[in-house]
Amino acid sequence: MSEDSQRNFRSVYYEKVGFRGVEEKKSLEILLKDDRLDIEKLCTFSQRFPLPSMYRILVWKVLLGILPQHQESHPMVMEYRREQYQDVYHALQVIHFISEATPKIEVFLYMYHLETGKLSQSQPYPMEPEDDIFLAIASTMEEMVDDDVDCYWLIRNFVNHFDSKFKDSKLQLHKAFEHYLNLEDSRLVAHLKVSSALEKLPYDLWFKKCFAGCLSASSLQRVWDKLVSGSCKILVFVAVEILLTYKLKVTALNNAESINKFLEKIPEDNTDPIVSKAIDLWHKHCGIPAHSI
């Protein structure tokens, strides 16, 4: 039996007995043993498999540029990140901009604004549309990450990564959603058009907030694995799968307002299967990246 055949046999066996992901975890651990981490291989792994929870934060920090490729530098760099966080936090305290009562995600927003030169002295604090996006992502990231320093840097770099890397791609997500939904269920698209709902779906929630506040954090982190590692198209297939999953509910509604209201807050107990099916759809239409090792 060839090495690939043995691996495939073991993977099928592990999945049948409830150890799906055992070999994938071992593969990632091999990648993480290198002193100089291979960004391309880490991206490929993250595109193919969900990241094990014990390594997710480390991989995200490397892929988002918070930590360098050389692992020997990680302690020093994180110490620098921590000092920078404390300096910015302290500066906001000195100018009486924040207090112990300020919600943490708002603190993160003010820190981000101070760092980027956008901090306003106006009261009440003026909120721009992009600030609402930042706060939504921050709220979900806070559920995923325990350490405040890690959390701030991940929010900050996630937002910058999404805005810069996918600047052009984001404009096409709306059209791609309609295209793939039509391939999967043309009658559903027809119903949305007749109901005048297709143009009024919660696209900002889906494609700007990256489903923050729509899907549970535990489900969403598997979607963000794909975003962080280089694919924003995964958002399209999550939206498509939400519509396919709730087809009966959506087709029973006959106006844009009721359809939109339902889709903005779908039941949280069903988000894990939705994400799994969405990832399968994404692989079906876009292919599966080559092995990472």
Side-chain angles (χ1 to χ4, degrees), residues 21-94 98 100 102-117 119 134 137-165 210 212 217-218 220-230 292-293:
V22 169
E23 289 224 325
E24 284 72 20
K25 180 171 175 283
K26 290 179 180 177
S27 297
L28 180 59
E29 287 172 347
I30 290 170
L31 293 178
L32 294 176
K33 282 181 180 178
D34 294 337
D35 177 53
R36 188 178 187 277
L37 297 173
D38 190 314
I39 299 296
E40 184 178 349
K41 287 182 178 180
L42 286 175
C43 284
T44 303
F45 181 94
S46 302
Q47 297 277 295
R48 286 179 59 83
F49 311 111
L51 288 166
S53 56
M54 65 187 298
Y55 296 122
R56 175 170 280 117
I57 302 306
L58 170 61
V59 173
W60 281 12
K61 287 199 291 187
V62 171
L63 295 184
L64 290 173
I66 298 165
L67 288 174
Q69 287 177 262
H70 290 282
Q71 295 207 64
E72 63 180 13
S73 302
H74 285 187
M76 179 185 68
V77 172
M78 270 319 296
E79 183 58 32
Y80 168 74
R81 300 294 190 201
R82 190 170 298 278
E83 289 175 2
Q84 189 173 346
Y85 172 94
Q86 290 168 345
D87 288 346
V88 177
Y89 186 91
H90 181 64
L92 289 171
Q93 287 181 313
V94 168
I98 60 172
E100 294 297 324
T102 309
K104 195 179 297 180
I105 60 171
E106 290 184 21
V107 173
F108 291 156
L109 177 66
Y110 301 147
M111 290 175 67
Y112 182 65
H113 281 178
L114 182 58
E115 280 198 288
T116 54
L119 190 69
F134 184 100
I137 290 171
S139 182
T140 296
M141 191 72 82
E142 189 183 12
E143 292 185 58
M144 299 178 181
V145 185
D146 294 329
D147 183 83
D148 287 353
V149 176
D150 281 348
C151 191
Y152 171 70
W153 281 100
L154 284 166
I155 296 162
R156 176 187 184 279
N157 285 32
F158 182 94
V159 169
N160 289 341
H161 169 81
F162 189 67
D163 286 345
S164 58
K165 186 176 180 65
C210 307
S218 59
L220 190 54
Q221 56 192 4
R222 292 192 288 141
V223 176
W224 286 6
D225 285 346
K226 314 307 177 192
L227 272 175
V228 169
S229 58
S292 56
I293 61 171

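None of the values given here were measured: they were computed from a predicted structure. Computed over heavy atoms, backbone and side chain alike; hydrogens, waters and symmetry mates excluded.
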Open item on the list: How close do P52 and L28 get, counting heavy atoms only, and between which atoms?
Closed with: CD-CD2, 3.5 Å
TODO: Applying salt bridge (Lys or Arg N to Asp or Glu O under 4.0 Å) between R82 and each of D148, D150, D147, report the one that passes.
DONE: D147
TODO: Identify the two heavy atoms, one from K226 and one from Q47, that lie closest to each other, and give their separation to 0.1 Å.
DONE: O-NE2, 3.1 Å
Task: Minimum heavy-atom distance L67-M78, with the two atoms named - done: CD2-CG, 3.5 Å
- [ ] Report the relative orientation of the aromatic rings in W60 and W224; use parallel for angles under 30°, tilted for 30 to 60°, perpendicular for over 60°.
- [x] tilted
Task: From I137 atom CD1 to L220 atom CG, the distance as rounded to the nearest 0.5 Å - done: 9.5 Å
TODO: Measure from the ring center of F49 to the ring center of F45 and say whether it is less than 6.0 Å.
DONE: yes
Open item on the list: As an exercise, state the distance from CZ of R156 to CG of L154, rounded to the nearest 0.5 Å.
Closed with: 11.5 Å
- [ ] With side chain to side chain contact (heavy atoms under 4.5 Å, CB included) as the test, would you mind laying out the steps for M111 and Y85 before giving the verdict?
- [x] CA-CA 8 Å; M111 290 175 67; Y85 172 94; 3.3 Å; yes
Task: Donor-acceptor pair, side chain of E142 and main chain of C151, under 3.5 angstrom - done: no
TODO: Enter the distance from I98:CD1 to K104:NZ here, rounded to the nearest 0.5 Å.
DONE: 12.0 Å
Open item on the list: Could you walk me through whether D34 and K41 satisfy the side chain to side chain contact (heavy atoms under 4.5 Å, CB included) test, starting with their C-alpha distance in whole Å, then the side-chain angles of each, then the deciding distance to 0.1 Å, before giving a yes or no?
Closed with: CA-CA 11 Å; D34 294 337; K41 287 182 178 180; over 6 Å; no
Open item on the list: Under the rule for side chain to side chain contact (heavy atoms under 4.5 Å, CB included), what residues qualify as partners of H161, not counting sequence neighbours?
Closed with: L64, K165, F166
Open item on the list: Between D225 (side chain only) and P50 (backbone N and O only), is there a donor and an acceptor less than 3.5 Å apart?
Closed with: no
Open item on the list: As an exercise, state the distance from CD1 of I39 to CG of L63, rounded to the nearest 0.5 Å.
Closed with: 5.5 Å
Open item on the list: Between E29 and K33, does any side-chain N to carboxylate O distance fall below 4.0 Å?
Closed with: no
Open item on the list: Is it the case that the side chain of R36 and the backbone of Q69 share a donor-acceptor pair, with hydrogens and angles ignored and the cut-off at 3.5 Å?
Closed with: no
- [ ] Determine whether more than 12 heavy atoms belonging to other residues, nucleotides or ligands lie under 6.0 Å from atom CG of D146.
- [x] no
Task: Shortest non-hydrogen contact between W153 and E115, atoms and distance - done: CH2-OE2, 4.5 Å
Task: Student check: side-chain heavy atoms of F158 and L227 closer than 4.5 Å - done: yes
- [ ] Grab the two heavy atoms, one from L31 and one from L37, that are nearest each other, plus how far apart they are.
- [x] O-CD2, 3.6 Å
Task: Option from R56, K25, E24 for which side chain to side chain contact (heavy atoms under 4.5 Å, CB included) with L51 holds - done: R56
Task: Nearest-0.5 Å distance that lies between atom CD1 in I155 and atom CD1 in I105 - done: 8.5 Å
Task: Value rounded to 0.5 Å, distance of CD in Q221 from OG1 in T140 - done: 11.0 Å
Open item on the list: Looking at every heavy atom in both A217 and M144, which two are closest together, and how far apart are they?
Closed with: O-CE, 3.5 Å
